[in-house]
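Keep in mind it's a predicted model, so treat the numbers as computed, not measured. Side chains are part of it too, since the values below use all heavy atoms of this structure and drop only hydrogens, waters and symmetry mates. Just so it is clear: chains get the letters A, B, ... in the order the sequence lines come, proteins before strands, and each one is counted from 1.
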Protein chains: 2
Amino acid sequence: MSRVTIQDIAERAGVSKTSVSFAFNKPEQLSEATLTRILEVARELGFNPDPIASNLKTRRTGCIGILLPQPLPVIARNTHTMAFLEGVGAACQDEDLSVLLVPPQKGSLRRAILRAAVDGFLTLGLETFRETMQVLKQRGMPFVMVDSDPVEGISCVNIDDQGGAYAAMHHIVSRGHRKIAILGIRSGSFGHYRDYAGTLRRRIDGYQQALGEVGLSLGNRNVRLLECECDIEGGYDAFREVWSKRWHPTAIVAMADVLAIGAMQAARELGVDIPQEVALIGYDDISASSLVCPSLSTIRQPAMEKGRVATTTLIRTLKDAHAEPQHIVLDVQLVERQSS
Amino acid sequence: MSRVTIQDIAERAGVSKTSVSFAFNKPEQLSEATLTRILEVARELGFNPDPIASNLKTRRTGCIGILLPQPLPVIARNTHTMAFLEGVGAACQDEDLSVLLVPPQKGSLRRAILRAAVDGFLTLGLETFRETMQVLKQRGMPFVMVDSDPVEGISCVNIDDQGGAYAAMHHIVSRGHRKIAILGIRSGSFGHYRDYAGTLRRRIDGYQQALGEVGLSLGNRNVRLLECECDIEGGYDAFREVWSKRWHPTAIVAMADVLAIGAMQAARELGVDIPQEVALIGYDDISASSLVCPSLSTIRQPAMEKGRVATTTLIRTLKDAHAEPQHIVLDVQLVERQSS
DNA sequence: TTGTAAGCGTTATCAT
DNA sequence: ATGATAACGCTTACAA
């Protein structure tokens, strides 16, 4: 028993393929009699229009892709990304769009982009965004970049990364800390923070700015950067590593709450008191941050809002290819809690 | 400037469409000379095979759909689901599959299923699984059901819901609690827990079993069920509601950790001590549960493993349509922490 | 190694 | 209100 097609229904109902198509897409064009007859036959044979064929013809998939910088398992572990997804979902609901998660294929985003059957892309915190942009443009597909460096002529949604990082570090140094470990996010420029781009770059800049105001700097002996896998375990490992050395910081500034929370766990295990022995501040304000003990000071960024805004921007472009590209920057906010 | 197709490349390179197709899919079939020429031309014109057209012809999309029982924003808020997704992602990586998140469209899963361009589905905690199964079968698409009632002839992955629920409630009653509030998950059978199916049904059964052993029962005056939206806020609201009444439980058993954590927040705000005044136990063991204060007793279920197993099962079916349907049940485990 | 030609299952255009 | 027919852009026997 091979696949039932529109053709089968047409024959069986004694009408043309056009009519069958109408029955599903523009029922109002059909007389009630034929409509019900067609639907009846379709139900009998268990027919439904093939979405792929339909996609090909209409050049629409009803589906937007989120281009992920890392494999799905890593992404799913990051609460902040999930909050972003929440916003995306909210914006998609009204338009009945589905969301395709597009991680790198065999390590290559290029492949992944070229194979994804979607109407448009959201890119999330790309490092290699120059190259990726190229591929996206080549596919001639609308896209909105989130957490990358703004680019002329392309819609971008960002948060005030530098301002937030400045606020975090300022908070720390203004409390007198002068021995500071920064838990960074491991990236393609591993070991070379000077080569950072996008979000990472701006955050480092913000940290540097606040450090500079008290005569410190990342090159300095007393300010150290560790680049971690961006999950709880990454932060956990980082703290243990830091504490295994002779040099101990009096404060830890993490580029993500997940890292801070991991560090907190390690600290607890090692009997290191937070905030007495080490002050700790994160970035993101994920929902766990207010729940942990001690509660985590952090920089709140509107992750969900970011997802929502990026998605509505994309949808606008989807509907009107000539919509003006937007550059949007969302505000962040220092949240002081117990960990600092 | 219209879309560049395989035809254009063929003409420009002076070869047939076949050869161009080979260049991208079976390069080894081509002489080095023609291969490079074709690729050269393709690069020049910025051509890449259209995935949708390719999907139609090959009847493969390289994409599996996760059928979600609720809108995406709700799902994204649930850490447990995200852990599941982590497992799905892990299993997809090797096969270069993407994941399409398929929430109900205009409230209807049916519509969503029929429009999704995927190779197979994972269903997640469906309540109306009878009807949904029907639609899935109609589409003739492989699928694996997760967290539903097992069905003959269809692969299902479940956890030992009843055993876990029994363990949770047993833990509570064995500590002497006789006034108990259960925070349930709001479902289609709202207000009628006797109509529950699937996971909810089995958990309720497990609770009942343990309650029965000490002469209690859900119908009882001192065992109350509240049905909550399954997120932190839902648990928060529920606790406030419970505490606003004259009747106060000495223990709260939540069907999900997110609910328990929400309740914990409300308790803190109201100055209610956990576990002194109320003992609290959850279900799932999401990552936040070990981090909150007091840390949350719960039933650990292998969410990620569930995702991984379900996905590999689906992949097996994808590769061999005649693979034996599997019924898999994963174990759970009581985790005693401070909240009880 | 490369070319020819027949689909894949729809939708869209233009008639009638 | 309904039908004939040509796309949509690609893959794949089969032939050369």
Categorize [X] for me: base, sugar-phosphate, or nothing, with a 4.0 angstrom heavy-atom threshold over every strand shown.
X: A:Asn55; result: nothing
X: A:Asn48; result: sugar-phosphate
X: A:Phe47; result: sugar-phosphate

State whether [X] places a side-chain N or O below 4.0 Å from either non-bridging phosphate oxygen (OP1 or OP2) of [N].
X: A:Ser54; N: C:dG9; answer: no
X: B:Ser19; N: C:dG3; answer: yes
X: A:Arg3; N: C:dG9; answer: yes
X: B:Ser16; N: C:dG3; answer: yes
X: A:Thr58; N: C:dT10; answer: no
X: B:Ser21; N: D:dT11; answer: yes

Write down the distance between [atom1] ([X]) and [atom2] ([N]), rounded to a whole number of angstrom.
X: A:Leu56; N: D:dC8; atom1: CG; atom2: P; answer: 9 Å
X: A:Ile52; N: C:dT11; atom1: CD1; atom2: C1'; answer: 16 Å
X: B:Gln29; N: D:dT12; atom1: CD; atom2: C1'; answer: 11 Å
X: B:Lys26; N: D:dT12; atom1: NZ; atom2: C1'; answer: 7 Å
X: A:Ile9; N: D:dG3; atom1: CD1; atom2: P; answer: 15 Å
X: A:Lys57; N: C:dT11; atom1: NZ; atom2: P; answer: 10 Å
X: B:Asp50; N: C:dC8; atom1: CG; atom2: P; answer: 19 Å
X: A:Phe22; N: D:dG3; atom1: CZ; atom2: C1'; answer: 10 Å

Open item on the list: Quick check against the 3.5 Å criterion: does A:Ser54 have a side-chain atom that pairs as donor or acceptor with the backbone of A:Asp50?
Closed with: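 Checking the backbone N and O of A:Asp50 against the side chain of A:Ser54, no donor-acceptor pair under 3.5 Å is found.
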Open item on the list: Strictly distance-based, threshold 3.5 Å: is any side-chain N or O of A:Asp149 a donor or acceptor partner for the main-chain N or O of A:Gly198?
Closed with: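 Here the side-chain-to-backbone pair exists.
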Task: Minimum-distance nucleotide (side-chain atoms of A:Ile6 versus C:dT11, C:dT2, D:dC10) - done: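 Within the option list, the nearest is C:dT11.
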Task: Options C:dC8, C:dT2, C:dT11, nucleotide nearest the side-chain atoms of B:Thr34 - done: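 The nucleotide sitting nearest to the side chain is C:dT2.
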Task: Closest-nucleotide 5' rank along DNA chain C - winner of B:Arg59 and B:Leu35 - done: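 So the residue in question is B:Leu35.
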Answer yes when [X] and [Y] have at least one side-chain N-carboxylate O distance shorter than 4.0 Å, and no when they do not.
X: A:Glu305; Y: A:Arg308; value: yes
X: B:Glu229; Y: B:Arg77; value: no
X: B:Arg111; Y: A:Asp96; value: yes

Task: Pair of N/O donor and acceptor under 3.5 Å linking D:dG9 base with B:Lys17 side chain - done: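 Check fails, no donor-acceptor contact within cut-off.
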Open item on the list: Whether the side chain of A:Thr18 and the base of D:dA4 hold a donor-acceptor pair under 3.5 Å is what I'd like checked.
Closed with: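 Yes, the side chain and the base share a sub-3.5 Å donor-acceptor pair.
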Task: Side chain to side chain, B:Ile64 and B:Cys92, heavy atoms closer than 4.5 Å - done: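 With C-beta onward as the side chain, the pair touches.
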